[in-house]
Amino acid sequence: MPSRELSDPPNGVTSRDEHWDTLSPHENLRIIKNVIILGFAFMVHFTAFHGTSNLQSSVNSDASLGTFTLAAIYGSLILSNIFLPAAIISFLGCKWTIAISFIAYMPFIASQFYPRAYTLLPAGLAVGFGGGPLWCAKCTYLTVVAEAFSQFGGRHRMGQKSEVTVVRFFGLFFVFYQMAQVWGNLISSSVLTHLTGTSNESFEANSTAYLLRDVSTICGSNFCPNSANAMENSNLRPPDPRHIHILSGIFLACMVTACLAVTFGVDSLTRYQKKRQGAAAGLSGLKLLAVTLKQLKERYQLLLLPITAFIGAEQAFVAVDFTASFIACGWGISRIGYAMICFGVANAVGSAVAGALTKITGRLPVLLGNLILHSCLIFWMQFWHPVASDGLVYCTMAALWGLADGVWLVQINALSGILFPGKEEAAFSNFRLWEATGSVVTYSLSPYLCSHTKLYLLFALMLIGMAGYSTIEMMEKKQKNNPPNEKSFELVTGNDEMEKNGI
């Protein structure tokens, strides 16, 4: 029978302290073990997904089929985030939601053996429908075990504020998760350039005529999809289908491994039951949808929407536009993986640094610094003139973008859990909903806009998002200087507080 992970304590457990007394003195190490295995599983799983999705706009470029497949993924993810997470998590629990959602990604990899519209698009829809429950369950799991870690540590004189623990756990998780970019792209580049021993020669032969032209006029920010110049670019010639088949077999094995790791290595949240009722517990049908939509009445939630949409948009830009208009156009499809490895390493560094710096400086200085970094990068890409085969520049751009993306992900994910205690399902569902909205709009517009237009739109959305986040910080500062009338960043506990917040 499916477990109810966020329900009231069982009979005989009358208080939170009594519950912690039943756990091992080394329970904090077990919690960290769960976070590490969960991060490892996501790393292996998204090694396959990222390694495949980063090639879609270049490998399945006919009629922009690969790009529209990615749009289908994030379009269905929007519906998934609205209708599915609260119901599935309430029925299966976080652990089994994650394991089963991994399976929904597998048809996307299998469809690469026979890439047609009637195989790729349905497989993309399956990914989206699995992604909503997957990411909501992950965020809820990390937030709840972080609170458990703080409570248990406090009883053993090792505790710290739940807010700090949430950020650090998200940081640890994303160190693993972002490394998926490294392994996925390392595998894809190895297969495309070294497996047969002929790819490099073929790449050079196919590119010689094109490299005699000035790539600065048609690549980088000047790149326009489906233009005559783009169609003539031999660098954008798809690789041998046999290599794609080998990649797909490797990546399917990765996804199976990830599913088994969660099934046998991660504890259920029933181990950390407390007197805490999730926002979606006990609801079904349209009431579950109402919980997610009701969250939009929260001022903090509305203010987070633009920066959340920006995260989805900038990730979509990297996956489709940067890989095609910068790397593939100027350096070649077979080199996409090398640049995206730099993205993945820097992304993991950004995730780790975000958690550590937040403990020292607080959230606002970290995000303001990230805003400056990302703004400078966007304008560098906007006005830079591409040079053929200038691999160092492509890798540097990818690394800087990965560093900025890692900081955005950790900070905004963690903030969603901190701001809405007891409403994690609804809060993280909204995070994924609006992140997916930013992605699907970017994917849908990608075949019709030139890269310089997309860069300006990203910059504008980033500024709007930071304005919304800064407003939250000012509201919190004002609240701290006055008697609190609303919830603060501290996790809310106690039935009276939960009733006041409408749980």
Please list, chain by chain and in numerical order, all residues satisfying ring-ring contact (aromatic ring centres under 6.0 Å, His included) with [X], sequence neighbours excluded.
| X | answer |
| --- | --- |
| Tyr448 | none |
| Phe322 | Phe326 |
| Phe251 | none |
| Tyr177 | Phe46, His50, Trp135, Phe174 |

Can any side-chain N or O of Asn370 pair as donor or acceptor with the backbone N or O of Ala404 at less than 3.5 Å?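 Checking the backbone N and O of Ala404 against the side chain of Asn370, a donor-acceptor pair under 3.5 Å is found.
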Does the Ser101 side chain pair with the main chain of Pro133, one donor and one acceptor, at a distance under 3.5 Å?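 Between the backbone of Pro133 and the side chain of Ser101 there is no qualifying donor-acceptor contact (under 3.5 Å).
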Does the side-chain contact (heavy atoms from CB on, under 4.5 Å) test come out yes or no for Met397 and Val393, once each step is laid out? CA-CA 6 Å; Met397 287 180 172; Val393 174; 4.0 Å; yes
Could you check if a side-chain atom of [X] sits within less than 4.5 angstrom of a side-chain atom of [Y], using non-hydrogen atoms only?
| X | Y | result |
| --- | --- | --- |
| Lys138 | Thr97 | no |
| Arg30 | Asp267 | yes |
| Phe108 | Met255 | no |
| Met381 | Leu377 | yes |
| Cys139 | Asn413 | yes |
| Lys95 | Val262 | yes |
| Gln411 | Leu415 | no |
| Leu373 | Leu403 | yes |

Looking only at heavy atoms, which two atoms of [X] and [Y] are closest? And how far apart?
| X | Y | answer |
| --- | --- | --- |
| Leu142 | Val145 | O-CG2, 3.4 Å |
| Ile98 | Ala137 | CG1-CB, 3.8 Å |
| Ile37 | Gly265 | CD1-O, 3.1 Å |
| Leu77 | Gly128 | CD1-O, 3.3 Å |
| Val127 | Tyr105 | CG1-CE2, 3.4 Å |
| Pro447 | Pro225 | O-CB, 3.8 Å |

Could you walk me through whether Leu357 and Val407 pass side-chain contact (heavy atoms from CB on, under 4.5 Å), step by step? CA-CA 10 Å; Leu357 287 182; Val407 176; over 6 Å; no
Interatomic distance, [X] atom [atom1] to [Y] atom [atom2] [nearest 0.5 angstrom]:
| X | Y | atom1 | atom2 | value |
| --- | --- | --- | --- | --- |
| Asn28 | Ser150 | CG | OG | 11.0 Å |
| Ile73 | Ser80 | CD1 | OG | 12.5 Å |
| Thr437 | Glu435 | OG1 | CD | 10.0 Å |
| Leu134 | Ile100 | CG | CD1 | 11.5 Å |
| Phe129 | Ile88 | CZ | CD1 | 10.5 Å |
| Phe343 | Asn54 | CZ | CG | 8.0 Å |

Verdict with supporting geometry, Val320 and Gln56, side-chain contact (heavy atoms from CB on, under 4.5 Å): CA-CA 8 Å; Val320 170; Gln56 288 304 295; over 6 Å; no
Distance-only donor-acceptor pairs under 3.5 Å for side chains of residues 454-472, two or more places apart:
residue, atom, partner, partner atom, Å
Lys454, NZ, Asp321, OD1, 2.4
Lys454, NZ, Ser446, O, 2.9
Lys454, NZ, Ser446, OG, 3.4
Lys454, NZ, Leu449, O, 3.1
Tyr469, OH, Glu473, OE2, 2.3
Ser470, OG, Met466, O, 2.8
Thr471, OG1, Ala467, O, 2.8

What residues, two or more places apart in sequence or in another chain, satisfy salt bridge (charged side-chain N to carboxylate O under 4.0 Å, His left out) together with Asp390?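 Asp390 satisfies salt bridge (charged side-chain N to carboxylate O under 4.0 Å, His left out) with no residue once adjacent residues are dropped.
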Pairs flagged by salt bridge (charged side-chain N to carboxylate O under 4.0 Å, His left out) wherever residues 38-57 is involved - sequence neighbours left out: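 Sorted pair list comes back empty.
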Cys450: disulfide bond (SG atoms under 2.5 Å apart) partners, not counting sequence neighbours: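 Applying disulfide bond (SG atoms under 2.5 Å apart) to Cys450 gives Cys224.
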Sole candidate of Phe42, Phe40, Tyr141 that passes ring pair (Phe, Tyr, Trp, His ring centres under 6.0 Å) when paired with Phe173: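 Of Phe42, Phe40, Tyr141, ring pair (Phe, Tyr, Trp, His ring centres under 6.0 Å) with Phe173 is met by Phe42 alone.
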By side chain to side chain contact (heavy atoms under 4.5 Å, CB included), which residues pair with Leu172, not counting sequence neighbours?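 For Leu172 the side chain to side chain contact (heavy atoms under 4.5 Å, CB included) partners, ignoring immediate neighbours, are Val35, Ile36, Phe176.
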Sequence neighbours excluded, which residues qualify as side chain to side chain contact (heavy atoms under 4.5 Å, CB included) partners of Cys259?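 Side chain to side chain contact (heavy atoms under 4.5 Å, CB included) list for Cys259, sorted by chain: Ala99, Phe102, Ile103, Thr263.
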Validation: residues 304-319 side-chain donor-acceptor distances under 3.5 Å, sequence neighbours left out:
residue, atom, partner, partner atom, Å
Thr308, OG1, Leu304, O, 2.7
Glu314, OE1, Trp401, NE1, 2.7
Gln315, NE2, Asp405, OD1, 3.2

Test side-chain contact (heavy atoms from CB on, under 4.5 Å) on Leu121 and Thr69; report intermediate values, then the result. CA-CA 5 Å; Leu121 294 177; Thr69 299; 3.9 Å; yes
When Phe149 is tested against each of Thr165, Val144, Asn34 for side chain to side chain contact (heavy atoms under 4.5 Å, CB included), which residue passes?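 Single pass found, and it is Thr165.
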Quick test of your reading: applying side chain to side chain donor-acceptor pair (under 3.5 Å), list the pairs with at least one residue in residues 372-384, sequence neighbours left out, ordered by first then second residue.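 Found His374-Trp408.
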